[in-house]
Amino acid sequence: MKLLGNIDHSLVRLKLHYLLHGMGGAPVVPFGSLVGRQLGVSPQGMGFIFAFIPIAGIVVKPFLGGIADKYGVKKIVLMSVILSAMVHYYSLQYLPVLPSPPSAEVTCSSTSFLTLARDPCMVEKLQRMFNDSHIICDMECVSPEKKTEKEAVEKLSLTAGMTDKVYHKSLQLFPGRVLDLGDGLQLPVQLGPCNTRPVKMACTFSCESAQDLAQIINRPKDGSSVFNYGEYWLFVFVITLASLSFGSGCTFQESICHEVLGEDGQQKYGQQRLWASVGWGLMAAVSGYVVDMDSRDSLLFNYSTAFKIMVACWVADLMVVQGLKVPERAGVSTNPWAEVGKLFSSTKTIAFLFWCVMVGFVFGAMGLHFWLLEDLGGNKSCDDSRNIKLLQGLCLTVNCIGETPVFFLSGILLTWLGNSLCMTVVLVAHGVRLLYYSMIVTPWQVLPIELVQGITFGLFFPCLVSVSAQSAPPGAETTMTTLAFIMFDGLGCSLGGWVSGWLYQTVGGSLTYRYFGWAALGGAAVNMWLQGRVRREEAISKVSVC
């Protein structure tokens, strides 16, 4: 009983918040871009989103941070953004599929067929789900330009609309007879035969009884522009609100943690923050496995259970935060941004903010990490891509295994190594990790390097929060932390997300990560030079004082 009486209940509740917040985020937050990919968003379109969200955060996060500091309402703001994140992430599953121009390649010859992008597991699913049955679809194609091909199409009794469109109602497809040709899949179509040379047409399909199959068939293969579609901008709107809400919640919870811990912030912060990693890691593998199981008899991934897990965890988290005692200090700093702005004359502050930007830039490429795994899984056998969601969940779990001890020992590590060395180590670890991604050839090879998350995130996060809190004027702690996150997220991640999306669509995933790996190592070299300059200036300042 005496032992229970000595427990600091405010810290127990704080730990429980981190645990539930991590458990709720793991099933959905890392998969937001993959939901977009399934809806038809291209890498370039996703790169724009990765760039836009942090830029929007430059406006939203300081606004919320200033309100929280000035009026002493950190807890209310935290609860509001948790609720907003829950509502907007949950709504992702109801967003419409992006339309696409006619892009399905139909070849009319002695035996007509539809060509699909290669996915070895798709063969297995189509054969199991459709067996030898057929489905009925409507087809709309762009009419061939050559006169002889036009005539061949007309002989098939296809209904010609105007002069540039070809329609065919109630066309029979045989998904169960799909063939894997190594570089693509062939799906038999009851069309033709054409009496001349094979005729190829770009088509769009509508299949009432197999809408998932139609969505896969119509998916653009060349990464065509998505910026002209209202459905894309609706996805941008929802994922932006969801991501900003979740990111703002992360920002405010770190500031609240330091407020609760007081003078013990640097030493005890990691011991609280590690519970978010525990919750994230525990639920990531479970939710990944559940998504794989729910998707066994579906051509698309079914995330519905993952969204329900998120809601259950975050509703419980809201109840925990409601009872959290936060030492609010309203009005201590009447204009926190003005006081923080004075720090820009310091070389030490400039060097710190450069580091935040550089880490954010290379971290921005991580948004396409799971895209790379899915692409690698589709290159060879189905064994590589089977249970891909479980693998992605295990990646997050291994991340947390690497993070947890580093978070727990972060106070000791920051004291022992010093902030400047920790900054360099974080960038070097990013470089090693990204270069490793560029060299793997199968998705399951990624797991060992995921332990490096302990340094790239587990050491980075306490370092950023600790330096921010130490540098801030009294009463402007949240504002200073927000500024650091703006430089990391708003500038660094924004630029990194845009560049990585453009590169991914242009040169592919492996080369993208190679370029970013070398950028991280270059940033580490620049950081070492800047930190050396800071030390020299501090030494000169001490001599002048003497």
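Side chains included, hydrogens not; waters and symmetry mates left out as well; all remaining heavy atoms used. When a residue number appears, it is its place in the shown sequence, counting from 1.
Distance check, rounded to the nearest 0.5 Å: CG of Leu39 to CZ of Phe235 gives 6.5 Å. Taken to the nearest 0.5 Å, the OG1 atom of Thr456 stands 7.5 Å off from the CD atom of Glu403. With rounding to the nearest 0.5 Å, the separation of NZ in Lys389 from CZ in Phe31 is 6.0 Å. Rounded to the nearest 0.5 Å, atoms CE (Met293) and CG (Asn302) are 12.0 Å apart. Note that OG of Ser248 is 6.0 Å distant from CG of Leu244, once rounded to the nearest 0.5 Å. Atom CG of residue Leu503 and atom CG of residue Leu511 lie 9.0 Å apart, to the nearest 0.5 angstrom.
Residues Pro27 and Met283 come closest through the heavy atom pair CG-CG, 3.6 Å. The two atoms that bring Val28 and Ala306 nearest to each other are CG2-O, 3.7 Å, heavy atoms only. Minimum heavy-atom separation, Leu459 to Pro462: O-CD, 3.5 Å. For the residue pair Gly25 and Phe246, the shortest heavy atom distance occurs at CA-CE1, 4.4 Å. The shortest non-hydrogen separation linking Leu78 to Val81 is O-CG2, 3.1 Å. Considering every non-hydrogen atom in both Phe516 and Gly496, the closest pair reads CZ-O, 3.5 Å.
Around atom CZ of Phe227, more than 12 heavy atoms belonging to other residues, nucleotides or ligands sit under 6.0 Å away. Within 6.0 Å of OH on Tyr289 lie no more than 12 heavy atoms contributed by other residues, nucleotides or ligands. More than 12 heavy-atom neighbours from other residues, nucleotides or ligands sit within 6.0 angstrom of CH2 on Trp371.
Under the 4.5 Å side-chain criterion, counting only non-hydrogen atoms from C-beta, Trp444 is in contact with Leu394. Looking at heavy atoms from C-beta onward, Leu447 lies in side-chain contact with Cys395 at the 4.5 angstrom threshold. Inter-residue side-chain proximity for Phe370 and Leu396 is flagged as met; some heavy-atom pair is nearer than 4.5 Å. Put simply, the side chain of Met79 reaches to within 4.5 Å of the side chain of Gln322, judged on heavy atoms. Proximity of Trp280 to Asn399: side-chain heavy atoms (C-beta onward) are nowhere separated by under 4.5 Å. Glu231 is not listed as a side-chain neighbour of Leu95, based on a closest heavy-atom distance of 4.5 Å or more. Contact of the Thr240 side chain with the Phe237 side chain is not registered, since no non-hydrogen atoms from C-beta on lie closer than 4.5 Å. Residues Ile217 and Leu173 meet the side-chain proximity criterion, which asks for heavy atoms closer than 4.5 Å.
Side-chain N or O atoms of Thr404 include one that pairs as donor or acceptor with a backbone N or O of Cys400 at under 3.5 Å. Side chain of Gln215 to backbone of Gln38: a donor-acceptor contact under 3.5 angstrom is found. Remark: the backbone N or O of Phe130 is paired with a side-chain donor or acceptor of Ser133 at under 3.5 angstrom. The main-chain N or O of Ala214 is found under 3.5 Å from a side-chain atom of Asn218 such that the two form a donor-acceptor pair. A donor-acceptor pair under 3.5 Å is formed between the side chain of Arg128 and the backbone N or O of Arg296. Of the possible polar contacts, none joining the Asp489 side chain to the Pro54 backbone as a donor-acceptor pair under 3.5 Å is found. Looking only at distances, no side-chain donor or acceptor of Gln44 sits under 3.5 Å from a matching main-chain atom of Gln505. When atom types are taken as modelled, the side chain of Ser438 and the backbone of Leu435 share a donor-acceptor pair closer than 3.5 angstrom. Remark: the backbone N or O of His21 is paired with a side-chain donor or acceptor of Trp314 at under 3.5 angstrom. Using modelled atom types, one side-chain atom of Tyr232 and one backbone atom of Gly45 make a donor-acceptor pair closer than 3.5 Å.
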* Check the pair Val41, Val236 against side chain to side chain contact (heavy atoms under 4.5 Å, CB included), reporting the backbone distance first and the verdict last. => CA-CA 10 Å; Val41 178; Val236 172; over 6 Å; no

* **Verdict with reasoning, Leu427 to Val359, per side chain to side chain contact (heavy atoms under 4.5 Å, CB included)** => CA-CA 6 Å; Leu427 282 170; Val359 175; 3.7 Å; yes

* To do: Report the C-alpha distance between Gln392 and Leu34 in whole Å, list the side-chain angles of each, state the deciding distance to 0.1 Å, and finish with yes or no for side chain to side chain contact (heavy atoms under 4.5 Å, CB included).
  => CA-CA 11 Å; Gln392 291 167 345; Leu34 297 177; 3.6 Å; yes

* Please lay out, stage by stage, how Val426 and Cys463 fare under the test side chain to side chain contact (heavy atoms under 4.5 Å, CB included). => CA-CA 10 Å; Val426 167; Cys463 185; 6.0 Å; no

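Between Phe363 and His369, the ring centre distance reaches or exceeds 6.0 Å. Checked against the 6.0 Å centroid criterion, the rings of Tyr513 and Tyr436 do not qualify as a close aromatic pair. Between Phe48 and Trp233, the ring centre distance stays below 6.0 Å. A centroid separation of 6.0 Å or more is found between the aromatic rings of Tyr89 and Phe307. Residues Phe460 and Phe488 place their aromatic rings such that the two centres sit under 6.0 Å apart.
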